[in-house]
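Input: a single structure, listed below in structure tokens.
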Amino acid sequence: MTDASPATDGDKKPAVLFVCSKNGGKSQLAAGLMRQLTGSTVDVYSAGTKPAKDLNPLAVESLAQLGIPVEGEYPKPVSEEVLEAADVVVVLGTEAKLEPREGTRFELWETDEPSERGIEGMERMRLVRDDIRARVQKLHQDLITS
């Protein structure tokens, strides 16, 4: 996780918080994908409304397949500090409930859920990851052009 201290004046990088219920899968996928895409140009956070004990092993493996490491990551609760730091809050899926904050861009991503079509395991996780990756790329484009 990156430092939550604000930058000074005009050098503040945009900050994005990805939230899902457990912070073990979808929000970790989004955060890892955004970090890979943006390097150090965007502060990236992830959190959960009801954090799990561990990361989803399939989510970790699906990121590893793209060369994205998640060492040091673990499910974290949504905190006031990280909400204050975020310019954009993205809630992934419909399980996590979070109220929008005035002055903060808020998005709800109803991500693909292949299990509803009988697709499970790593195939499901790759489809979820790729759906999230397309959304992360669009969000990144929005951030760099605004």
Side-chain angles (χ1 to χ4, degrees), residues 1-8 10-98 104-146:
M1 194 159 115
T2 56
D3 180 17
S5 60
T8 56
D11 66 349
K12 184 177 184 310
K13 296 186 277 186
V16 179
L17 168 62
F18 294 103
V19 177
C20 67
S21 61
K22 297 177 186 159
N23 190 224
K26 292 177 181 179
S27 58
Q28 293 284 350
L29 288 168
L33 291 161
M34 182 64 87
R35 285 185 191 109
Q36 180 192 50
L37 186 61
T38 65
S40 62
T41 62
V42 174
D43 287 332
V44 180
Y45 306 92
S46 70
T49 55
K50 298 175 186 168
K53 288 178 73 169
D54 299 302
L55 298 184
N56 179 319
L58 293 176
V60 171
E61 185 180 337
S62 75
L63 287 173
Q65 290 173 353
L66 299 177
I68 301 172
V70 294
E71 287 81 24
E73 288 298 326
Y74 57 93
K76 300 167 284 301
V78 177
S79 70
E80 191 60 33
E81 179 183 36
V82 77
L83 284 169
E84 283 293 320
D87 299 302
V88 180
V89 174
V90 177
V91 176
L92 293 101
T94 57
E95 285 183 44
K97 304 297 182 206
L98 195 64
T104 301
R105 179 174 166 181
F106 186 89
E107 296 187 14
L108 174 60
W109 292 357
E110 291 191 32
T111 54
D112 182 29
E113 190 40 71
S115 63
E116 293 173 358
R117 300 186 304 276
I119 302 169
E120 297 294 339
M122 184 49 75
E123 183 181 359
R124 172 193 171 269
M125 191 57 65
R126 282 191 200 106
L127 290 168
V128 171
R129 177 200 65 199
D130 293 345
D131 175 44
I132 292 171
R133 180 166 44 176
R135 294 165 187 262
V136 163
Q137 290 168 338
K138 182 181 181 317
L139 175 59
H140 177 245
Q141 282 295 36
D142 290 350
L143 291 173
I144 61 174
T145 59
S146 59

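These values consider heavy atoms only, across backbone and side chains, with no hydrogens, waters or symmetry-generated copies. The structure displayed is predicted, hence computed values, not measured ones.
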Distance, nearest 0.5 Å, that separates CD of Glu113 from OG1 of Thr94:
9.0 Å
Got a salt bridge between Asp112 and Arg117, using NZ or NE/NH1/NH2 to carboxylate O under 4.0 Å?
yes
One should read off an interatomic distance between Leu127 CG and Arg124 CZ, to the nearest 0.5 angstrom, of 9.5 Å
Side chain to side chain, Val90 and Met34, heavy atoms closer than 4.5 Å
no
Any chance CD of Glu95 has more than 12 other-residue heavy atoms, nucleotides or ligands included, within less than 6.0 Å?
no
Shortest non-hydrogen contact between Ala59 and Gly24, atoms and distance
CB-O, 4.0 Å
Residues pairing under side chain to side chain donor-acceptor pair (under 3.5 Å) where one sits in residues 51-69, two or more places apart or in two chains, turn out to be Gln65-Arg126, Gln65-Arg129
Please give me the minimum heavy-atom distance between Ala96 and Val91, naming the atom from each residue.
O-CG1, 3.7 Å
Any residue meeting side-chain hydrogen bond (donor to acceptor under 3.5 Å, both in side chains) with Thr111, in chain and number order, not counting sequence neighbours
Lys26
Please tell me if the side chains of Leu139 and Glu107 come closer than 4.5 Å, counting only heavy atoms from C-beta onward.
yes
What I'd like to find out is whether the side chain of Met125 reaches to under 4.5 Å of the side chain of Leu29, using heavy atoms alone.
yes
So which atom in Leu98 and which in Phe106 form the shortest heavy-atom distance, rounded to 0.1 Å?
O-CZ, 3.3 Å
Please check this pair: side chain of Thr38 against backbone of Thr41, looking for a donor-acceptor N/O pair closer than 3.5 Å.
no
Exam field: side chain Asn23 to backbone Lys76, donor-acceptor pair closer than 3.5 Å
yes
Nearest non-hydrogen partners of Pro75 and Ala52, listed with the distance
CB-O, 3.2 Å
How many angstroms lie between atom CD of Gln28 and atom CG of Leu92, to the nearest 0.5 angstrom?
11.0 Å
Side-chain contact, heavy-atom cut-off 4.5 Å: Val16 with Leu143?
yes
CG-CG distance between Leu83 and Leu17, expressed to the nearest 0.5 angstrom
6.0 Å
With Ala31, which residues qualify under side-chain contact (heavy atoms from CB on, under 4.5 Å), at least two apart?
Phe18, Arg35, Val44, Ser46
Does the side chain of Thr49 reach to within under 4.5 Å of the side chain of Lys97, using non-hydrogen atoms?
no
Does the side chain of Val19 reach to within under 4.5 Å of the side chain of Ser27, using non-hydrogen atoms?
no
Sole candidate of Lys12, Lys13, Arg105 that passes side-chain hydrogen bond (donor to acceptor under 3.5 Å, both in side chains) when paired with Asp87:
Lys12
